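Because only heavy atoms are used, hydrogens play no part in the values below, and waters and symmetry mates are left out as well, while side chains stay in. Note that the structure is predicted; figures quoted are calculated from it, not measured.
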Amino acid sequence: MRTRLCILTASLLISGVAEAEVQHDDYPALALRMRHEGKVRYHAEYGPDGRLTDCTITKSSGYPELDARTCVLVKRSSEPHPQMSGSKDGTVKWKLPKS
C-alpha cells in the first residue's frame, strides 16, 4: 500500500485534526529493516503567509530515524495556506506494511 501522507497532512492540518499514517514509500530504509513502528508528535510553525517555517518533534517514537523523517515529510507536504498562520500540532503514525 502506498502512503498518502502528503495529501493527508495538508488536508488534516487545515481541518485541525493533524494525524496521518505512513505505511511504506516514505519509511526510512533502516526502520523497515529493523521493523520499527511508532507515533511521532510534532509542532509546526507557520508564517503570516501560511508557509511552514519550522517543525520540531515534541514526542519521540523512540526511533531517531522515524522522528527525523517526520519533519522531512511535514515540510515536503506543506503548502502555503494563509488560514494556517501561527502553529499547529500533529501526529504521524509509522506503521509497517502488512504482509
Side-chain angles (χ1 to χ4, degrees):
M1 179 177 216
R2 293 190 169 279
T3 182
R4 291 175 283 143
L5 180 68
C6 294
I7 296 166
L8 286 174
T9 300
S11 63
L12 290 171
L13 283 172
I14 292 168
S15 68
V17 183
E19 186 166 309
E21 185 174 296
V22 178
Q23 291 192 344
H24 185 65
D25 291 347
D26 289 314
Y27 238 93
L30 175 63
L32 276 173
R33 282 193 306 275
M34 301 297 292
R35 313 278 306 152
H36 292 167
E37 292 184 316
K39 187 184 284 191
V40 179
R41 292 191 182 141
Y42 65 90
H43 179 78
E45 292 283 336
Y46 297 88
D49 61 355
R51 291 184 189 276
L52 182 71
T53 58
D54 190 37
C55 175
T56 56
I57 301 303
T58 58
K59 184 165 190 231
S60 173
S61 65
Y63 301 109
E65 67 276 9
L66 296 181
D67 297 348
R69 188 72 173 151
T70 294
C71 277
V72 168
L73 295 176
V74 170
K75 289 174 184 174
R76 187 176 76 194
S77 65
S78 179
E79 294 181 18
H81 296 285
Q83 69 270 28
M84 288 177 58
S85 65
S87 63
K88 304 282 184 210
D89 294 314
T91 303
V92 174
K93 291 181 184 177
W94 292 90
K95 184 175 171 105
L96 292 166
K98 299 202 192 269
S99 322

Practice task
Keeping the roles fixed (side chain from Tyr27, backbone from Leu66), state whether a donor-acceptor pair exists under 3.5 Å.
Solution key: no

Fill in the blank from the handout: Tightest non-hydrogen contact, residues Asp26 and Arg76, listed as OD1-NH2, 2.8 Å

Problem - Thr53 side-chain N/O to Glu45 backbone N/O, donor-acceptor pair under 3.5 Å - result: yes

Handout entry: Qualifying residue for side-chain contact (heavy atoms from CB on, under 4.5 Å) with Pro28, from Met34, Arg33, Glu65
Key = Glu65

Problem - Salt bridge present between Asp89 and Arg41 (N-O < 4.0 angstrom) - result: no

Problem - ILVMFWY cluster, Leu32 and Trp94 together (side-chain gap under 4.5 Å) - result: yes

Problem - Smallest separation among heavy atoms of Tyr42 and Thr91, with atom names - result: CE2-N, 3.6 Å

Problem - Check against side chain to side chain contact (heavy atoms under 4.5 Å, CB included), His43 and Ser87 - result: CA-CA 7 Å; His43 179 78; Ser87 63; 3.3 Å; yes

Practice task
Can you measure from NZ (Lys95) to CD (Glu37) and round to the nearest 0.5 angstrom?
Solution key: 6.5 Å

Exercise for the section: Check the hydrophobic clustering (I, L, V, M, F, W, Y; side-chain heavy atoms under 4.5 Å; chains of links allowed) and say if Leu96 and Val92 are grouped together. Expected result: yes

Practice task
Would you mind reporting whether His36 and Ser61 have side-chain heavy atoms less than 4.5 Å apart?
Solution key: no

Practice task
Given side chain to side chain contact (heavy atoms under 4.5 Å, CB included), test Tyr46 with Arg51 step by step and report yes or no.
Solution key: CA-CA 5 Å; Tyr46 297 88; Arg51 291 184 189 276; over 6 Å; no

Problem - Val40 side chain reached by Ser60 side chain, heavy atoms, under 4.5 Å - result: no

